[in-house]
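This structure is in structure tokens; I'll ask about it shortly.
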There are 2 protein chains.
Amino acid sequence: MGITQRKEREKEAMRQRILDAALQLFRERGYDGVSIRNIAEAIEYSPGTIYLYFKDKSELFFALQFEAAALKRDHLMPVAGIEDPWERLVEFGRRYIDFGMKHPDMYDLLFITRAPMEYIENQECWQLGLATHSFFVETVQACVDKRYFRSTDTETIAYTLWCHAHGLVSLFIRERMRMYPEEKREALAQKSFTMIVKMAESL
Amino acid sequence: MGITQRKEREKEAMRQRILDAALQLFRERGYDGVSIRNIAEAIEYSPGTIYLYFKDKSELFFALQFEAAALKRDHLMPVAGIEDPWERLVEFGRRYIDFGMKHPDMYDLLFITRAPMEYIENQECWQLGLATHSFFVETVQACVDKRYFRSTDTETIAYTLWCHAHGLVSLFIRERMRMYPEEKREALAQKSFTMIVKMAESL
DNA sequence: AAAAATTAATGAACACTGTTTAGTAAAAAT
DNA sequence: ATTTTTACTAAACAGTGTTCATTAATTTTT
């Protein structure tokens with residue numbers, strides 16, 4: 001009964017074709033700029049076909065979010081090899097910001113875009129994101145354990161650092177830094193990262 | 001020739017009626033959840049009428065953003081009365097976050113929502129926001145002048161603090177704190193604010 | 001191998017969106 | 001009283017997400 005297996009493979013392949021097309025279009029024109037019809041056209045199928053593979057646009061969105069989460073993990077997790085927790089933490093932060101700057105659409109998808117979040121929590125992408133977040137918190141915990149900070153409130157430290165990094169990236173990619181000349185923005189972000197690292201050192 | 005004046009008054013009144021209806025609907029259902037037809041229905045006019053007062057939906061958006069900017073200014077500017085720059089800065093930060101938490105839609109409109117930002121810069125709302133931002137930077141400068149910080153890089157200090165506050169608010173209102181139980185979120189935000197203040201003290 | 005059943009894909013339809021425009025009725029100016 | 005200006009409307013256009021009856025192809029059963 002190899003037919004059912006082949007069918008399943010084909011179904012999976014189709015799903016992936018839709019996702020690939022959606023992801024590409026999405027990168028080019030942003031999430032709202034892409035319609036189901038656009039995606040259908042890209043893969044040379046009718047709009048209705050999309051709905052045989054995804055319940056609605058938001059499910060397609062979640063699938064894309066999963067891809068984004070995987071991309072982010074691949075961007076961040078190499079730092080797991082860094083022995084010293086403080087160095088690991090700093091490099092994690094640097095890479096987090098770097099990910100946001102290099103893949104603004106992906107970052108947007110993960111951390112800014114409005115989505116029915118109550119539905120997402122038992123979704124693969126959320127699990128993936130949660131794992132990366134846990135790794136971050138554990139790194140902070142390792143720093144606390146090694147007395148890199150005076151404070152021992154791991155949760156608040158982690159959250160505070162995250163707030164800064166997220167604020168930095170999201171102000172940048174949602175164009176709320178227009179009071180600074182364009183060529184200075186990245187440098188300012190860089191300086192701010194250095195500053196928060198210094199601030200954290202004396203925590 | 002009192003007629004032209006009356007006409008002008010009426011035109012202004014109509015504009016305001018549209019804005020009021022839009023703002024109310026927007027608060028209830030969010031920006032994307034409100035259509036031009038919805039607004040038209042609310043004021044009992046045809047959709048086309050809206051376009052006699054606003055070039056397009058984005059101009060209506062900018063007008064709303066202006067209202068939001070004014071609300072924010074009213075929420076923040078009372079701190080101008082605080083003599084000591086450090087106390088003023090801390091209170092400014094507290095109120096900034098408080099504004100975001102209390103008026104998430106307004107905050108969203110000002111700092112998160114995607115909009116054609118290149119067009120906005122010579123708009124009233126941008127000027128208003130810029131003024132508030134300048135006040136913030138000046139307060140930081142006053143702190144620098146009075147040697148509240150070791151660092152003298154006013155621009156980076158201000159930007160770093162802004163990043164933290166914006167990150168805090170936007171993670172909250174875009175529901176990216178779901179890894180923390182709901183009843184703990186506000187307390188965590190509170191603790192993080194206290195922490196960044198402590199961190200800033202030793203800058 | 002032929003007929004029946006299952007599956008995949010379609011394309012038209014529905015109710016919505018932002019926006020434009022020809023036409024109309026009322027008000028103002030002549 | 002007639003012309004001009006103004007304010008507004010209704011219909012239309014091209015787009016959106018989504019559903020569904022129908023069709024075409026494939027697989028299963030006879």
Side-chain angles (χ1 to χ4, degrees), chain A residues 1-23 25-26 28-65 109 113-116 119-120, chain B residues 1-23 25-26 28-65 109 113-116 119-120:
Chain A
M1 201 52 91
I3 288 170
T4 35
Q5 285 164 34
R6 193 207 71 209
K7 286 247 170 186
E8 218 161 289
R9 267 207 321 277
E10 282 176 354
K11 203 165 176 97
E12 188 48 50
M14 183 62 145
R15 234 186 98 93
Q16 198 54 51
R17 260 204 286 169
I18 295 170
L19 279 174
D20 288 348
L23 196 57
L25 284 172
F26 165 72
E28 286 165 20
R29 314 215 287 266
Y31 187 72
D32 284 339
V34 179
S35 73
I36 297 288
R37 281 173 182 79
N38 296 153
I39 300 165
E41 202 176 351
I43 59 168
E44 297 177 296
Y45 278 79
S46 80
T49 303
I50 309 285
Y51 289 86
L52 300 173
Y53 297 87
F54 298 93
K55 191 176 127 283
D56 53 24
K57 205 191 180 183
S58 89
E59 199 177 280
L60 184 52
F61 165 84
F62 291 136
L64 284 173
Q65 216 177 28
L109 205 53
T113 304
R114 270 231 173 77
Y119 167 64
I120 208 182
Chain B
M1 201 52 89
I3 288 171
T4 34
Q5 285 163 34
R6 194 206 70 208
K7 287 251 168 182
E8 217 162 292
R9 268 207 321 276
E10 282 175 353
K11 199 160 178 103
E12 187 49 50
M14 183 61 143
R15 232 186 98 94
Q16 199 54 51
R17 261 204 286 169
I18 295 170
L19 280 174
D20 289 347
L23 196 55
L25 285 171
F26 165 71
E28 284 164 20
R29 312 214 289 265
Y31 185 74
D32 284 339
V34 179
S35 72
I36 297 288
R37 280 172 183 80
N38 297 153
I39 300 164
E41 203 175 352
I43 58 168
E44 297 176 298
Y45 279 79
S46 81
T49 303
I50 309 285
Y51 289 87
L52 300 172
Y53 296 87
F54 298 93
K55 190 177 128 283
D56 53 24
K57 206 190 180 185
S58 90
E59 198 175 281
L60 185 51
F61 166 83
F62 291 137
L64 284 172
Q65 218 177 25
L109 205 53
T113 305
R114 272 229 172 78
Y119 166 64
I120 208 183

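Lettering of chains follows the sequences in order, A, B, ..., and the numbering in each one begins at 1. Quick caveat, the model's predicted, so the values are computed rather than measured.
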Rounded to whole angstrom units, what separation is found between the CG atom of Leu25(B) and the P atom of dT17(C)? 12 Å
With a cut-off of less than 4.0 Å, is there a side-chain N or O of Thr49(B) near OP1 or OP2 of dT9(D)? yes
Please identify each residue that fulfils side chain to side chain donor-acceptor pair (under 3.5 Å) with Gln16(B), with sequence neighbours left out. Asp20(B)
In this structure, how many angstroms lie between the P atom of dA8(C) and the CD1 atom of Ile43(A), rounded? 14 Å
Can you find a heavy atom in the side chain of Met14(B) that is under 4.5 Å from one in the side chain of Arg17(B)? yes
Scan nucleotides 11-18 of chain D against the protein and return all N/O pairs shorter than 3.5 Å with their distances rounded to 0.1 Å.
from    : atom 1 : to       : atom 2 : distance (Å)
dT16(D) : OP1    : Ser35(A) : OG     : 2.7
dG17(D) : OP1    : Ile36(A) : N      : 3.2
dG17(D) : OP1    : Lys57(A) : NZ     : 3.1
dG17(D) : OP2    : Ile36(A) : N      : 2.8
dG17(D) : N7     : Arg37(A) : NH1    : 2.6
dG17(D) : O6     : Arg37(A) : NH2    : 2.8
dT18(D) : OP2    : Tyr51(A) : OH     : 2.7
dT18(D) : OP2    : Lys57(A) : N      : 2.8
dT18(D) : O5'    : Tyr51(A) : OH     : 3.2
dT18(D) : O4     : Arg37(A) : NH2    : 3.4

For DNA chain C, the residues among residues 11-22 of chain B that have a non-hydrogen atom under 4.0 Å from it: none
Whole-Å distance between dG18(C) P and Phe61(B) CZ? 14 Å
Just so I know, are the side chains of Leu60(B) and Ile39(B) near enough to count as touching, which here means a heavy-atom distance under 4.5 Å? yes
Let's test your reading of the pairing rules: Watson-Crick or G-U wobble, both distances under 3.5 Å, then write DNA chain C as a dot-bracket string with ( ), [ ], | and dots. ||||||||||||||||||||||||||||||
Length of the line joining Leu52(B):CG and dT19(C):C1', which is rounded to integer Å: 12 Å
Using atom CD of Glu41(A) as one end and atom C1' of dA9(C) as the other, report the distance to the nearest whole Å. 17 Å
Does Asn38(A) use its side chain to pair, donor to acceptor, with the backbone of Glu41(A) at less than 3.5 Å? no
Can you name the residues that form a side chain to side chain donor-acceptor pair (under 3.5 Å) with Glu44(A), not counting sequence neighbours? none
With the side chain counted from C-beta on, respond yes when Phe54(A) and Leu19(A) share a heavy-atom pair under 4.5 Å apart, and no when they do not. yes
Please report the distance, rounded to the nearest Å, between CD1 in Ile39(B) and P in dC16(C). 16 Å
Listed pairs, N/O of protein and of nucleotides 24-27 of chain C, under 3.5 Å:
none

Is any side-chain N or O of Tyr53(B) closer than 4.0 Å to OP1 or OP2 of dC8(D)? yes
Specify the separation, in whole Å, of atom CG of Asp32(B) and atom C1' of dC16(C). 14 Å
Can you measure from CD1 (Ile36(A)) to OH (Tyr51(A)) and round to the nearest 0.5 angstrom? 4.0 Å
At under 4.0 Å, does any side-chain N or O of Ser46(A) touch on OP1 or OP2 of dA9(C)? no
Nearest whole Å is fine: how far is dT19(D) P from Phe54(A) CZ? 15 Å
